Amino acid sequence: MSLAYEEKPEFVASGSVRVRVPAKINLHLGVGPLRDDGYHDLTTVYQAISLYDDVHAHRSDTLALTIDGEGAGTLPLDDDNLAVRAVRALAAHTGLPAHARLHITKSIPVAGGLAGGSADCAATLVACDALWGTGLSRDELASIAATLGSDIPFLVLGGTALGTGRGEQVNPVLAAGTWHWVVGVAAGGLSTPAVYREIDRLRELGTAPTPAGSADLLLAALRQPDPEVLAAVLVNDLQAAAVSLRPPLRATLRAGLDEGALAALVSGSGPTCLYLARDAEHANALAASLTGRGVCRTVRTAHGPVAGARVTS
């Protein structure tokens, strides 16, 4: 039962909270058939990587949102934004008024398959929980997150995890060591619903690859600190659909392999491409080579796993 408003702990003394939240990638993304509720059953292995957005939440007597960085000027600032919905969902759960002034500094690409919007939603839940002094556990915040979107519970928790259901049922898994990635950000985004519709269409035509199915091989590979073992089992059922909608991605993926990546795959619903490197030095060299080829809007290096949304100040 939620406590009454008068019984809640005091607000944090500073009157503001800053939360840093990572992007997510899918090391395994198996997509089941379309369900009656419009979703697909997923079997996915998430990893949080070191590309971050920052959410700064301030005390306020109203609810407002501003954004700078990636997507500024194009992203909605009202209830169409998941961060605003997060404030309202946490307020409804706790019995507090939905009051906060949010500012998001975005570095995670928009509509890139890295869950930038979901990340901001997760960070807002963590920030307002701290700002309002509600003292909810991570599991409680993840439960609220599950009502808002499939990737959001994972980004509250971070690390590496197995996601089932529509992705919202999250269980941590063991990942030995640190994995190094090069992230190739495309010019323009892809609509996640459009990519799911496309994989359904390709399957009806019989032209989609065989579904990935179980993540057992991927989970076993994560227990070995050998990137070549992991490279052999990375898979994304949505890759065929993303390439079908954005054919130049085929050349972008091939460019990474030509430059020595251990593996290349589309991140989530795309169009961001991921390249697995042997180590940090290899990742830096690979990023420089891909930058020189000009096949991506921008190229970044990242490592994982990292923690989920965390208060930094």
Side-chain angles (χ1 to χ4, degrees), residues 21-49 51 53 75-76 79-90 93 108-126 138-173 189-200 211-215 218-219 235-239 241-242 265-272 274 304-305 308-309:
V21 64
K24 68 85 190 167
I25 59 176
N26 301 82
L27 310 184
H28 175 105
L29 181 49
V31 179
L34 182 65
R35 305 188 321 198
D36 291 341
D37 62 2
Y39 290 99
H40 296 74
D41 280 317
L42 302 181
T43 301
T44 188
V45 178
Y46 294 113
Q47 186 166 98
I49 62 170
L51 299 179
D53 282 356
L75 292 172
D79 284 275
D80 288 332
N81 192 295
L82 279 170
V84 173
R85 293 187 215 169
V87 178
R88 298 200 188 282
L90 184 62
H93 182 84
I108 302 172
V110 175
L114 296 166
S118 294
D120 299 337
C121 183
T124 299
L125 288 171
V126 172
R138 286 288 163 147
D139 286 343
E140 289 173 306
L141 291 174
S143 293
I144 298 170
T147 69
L148 296 166
S150 299
D151 296 332
I152 304 167
F154 169 69
L155 289 159
V156 170
L157 303 170
T160 305
L162 176 67
T164 54
R166 53 180 171 81
E168 86 287 4
Q169 300 170 24
V170 180
N171 290 288
V173 300
L190 274 175
S191 159
T192 297
V195 175
Y196 275 96
R197 287 194 298 270
E198 182 67 3
I199 194 61
D200 292 336
S214 167
L218 190 287
L219 295 174
V235 64
N236 178 4
D237 279 351
L238 292 181
Q239 180 163 306
L265 77 163
V266 170
S267 178
S269 58
T272 299
L274 302 172

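Because the structure is a prediction, the values reported are computed rather than measured.
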- Do Q47 and T160 meet the criterion of a side-chain donor-acceptor pair at a distance under 3.5 Å? yes
- Task: Over all heavy atoms of both residues, which pair between V156 and A142 is shortest? Give the atoms and the distance, please.
- Result: CG1-N, 4.3 Å
- Task: Starting at CG of L190, measure out to CD of E198 and round the result to the nearest 0.5 Å.
- Result: 10.0 Å
- Message: Taking A215's backbone N and O only, do any of them form a donor-acceptor pair with T43's side chain (distance below 3.5 Å, no angle check)?
- Response: no
- Task: Could you grab the distance from atom CD of Q169 to atom OG of S150, nearest 0.5 Å is fine?
- Result: 10.0 Å
- Item | Contact list for residues 109-123, test salt bridge (charged side-chain N to carboxylate O under 4.0 Å, His left out), sequence neighbours left out | K106-D120
- Note: A242 and V195 closest approach over all heavy atoms is N-CG1, 4.2 Å
- Taking only residues two or more places apart in sequence or in another chain, which ones pass side-chain hydrogen bond (donor to acceptor under 3.5 Å, both in side chains) with Q239? none
- Is the shortest heavy-atom distance from the side chain of L155 to the side chain of K24 under 4.5 Å? yes
- Side chains of D200 and H40: do they bring a donor and an acceptor to under 3.5 Å? yes
- Task: Would you check, one step at a time, whether the test side-chain contact (heavy atoms from CB on, under 4.5 Å) holds for Y196 with V31?
- Result: CA-CA 9 Å; Y196 275 96; V31 179; 3.9 Å; yes
- Query: If we only count heavy atoms from C-beta on, is the L114 to I25 side-chain gap below 4.5 Å?
  - Reply: yes
- Pairwise side-chain contact, V126 with L141, heavy-atom cut-off 4.5 Å (strictly under): yes
- Message: Go through it in stages, so that I can follow the logic: the residues are L162 and V170, the test is side-chain contact (heavy atoms from CB on, under 4.5 Å), and I'd like the CA-CA distance, side-chain angles, deciding distance and then a yes or no.
- Response: CA-CA 6 Å; L162 176 67; V170 180; over 6 Å; no
- Is there a donor-acceptor pair under 3.5 Å between the side chain of D237 and the backbone N or O of P211? no
- Message: Just so I know, are the side chains of V235 and L218 near enough to count as touching, which here means a heavy-atom distance under 4.5 Å?
- Response: no
- d(L238 CG, N26 CG) to nearest 0.5 Å is 8.0 Å
- Hey, what do you get for CG (D151) to OH (Y46), rounding to the nearest 0.5 Å? 4.0 Å
- Rounded to the nearest 0.5 angstrom, the CD1-CG distance for I49 and L274 is 6.5 Å
- Query: Which heavy-atom pair separates L29 from G268 by the least distance, and what is that distance?
  - Reply: CD2-CA, 4.1 Å
- Taking only Lys NZ, Arg NE, NH1 and NH2, and the carboxylate oxygens of Asp or Glu, determine whether R85 and D79 approach each other closer than 4.0 Å. no
- Item | V45 to L219 - nearest heavy-atom pair and separation | CG2-CD2, 3.8 Å
- Does some side-chain heavy atom of T164 sit less than 4.5 Å from a side-chain heavy atom of L42? no
- Closest approach of P22 and A309, non-hydrogen atoms and distance? CD-N, 4.0 Å
- May I ask you to decide if D139's main-chain N or O and S143's side chain share a donor-acceptor pair within less than 3.5 Å? yes
- Query: Quick one: does Y39's side chain have a donor or acceptor within less than 3.5 Å of a partner on G165's backbone?
  - Reply: no
- Task: Supply the atom-to-atom distance S269 OG to I199 CD1, rounded to the nearest 0.5 angstrom.
- Result: 12.0 Å
- Message: Closer than 4.0 angstrom, basic N to acidic O: yes or no for D41 and R166?
- Response: no
- Query: In terms of side-chain heavy atoms, does T272 have a donor or acceptor partner in S267 at a distance below 3.5 Å?
  - Reply: no
- Note on the structure: What one should report as the nearest heavy-atom pair of S214 and H28 is O-CE1, 3.0 Å
- Message: Any side-chain to backbone donor/acceptor pair from E140 onto R138? Under 3.5 Å, distance only.
- Response: no
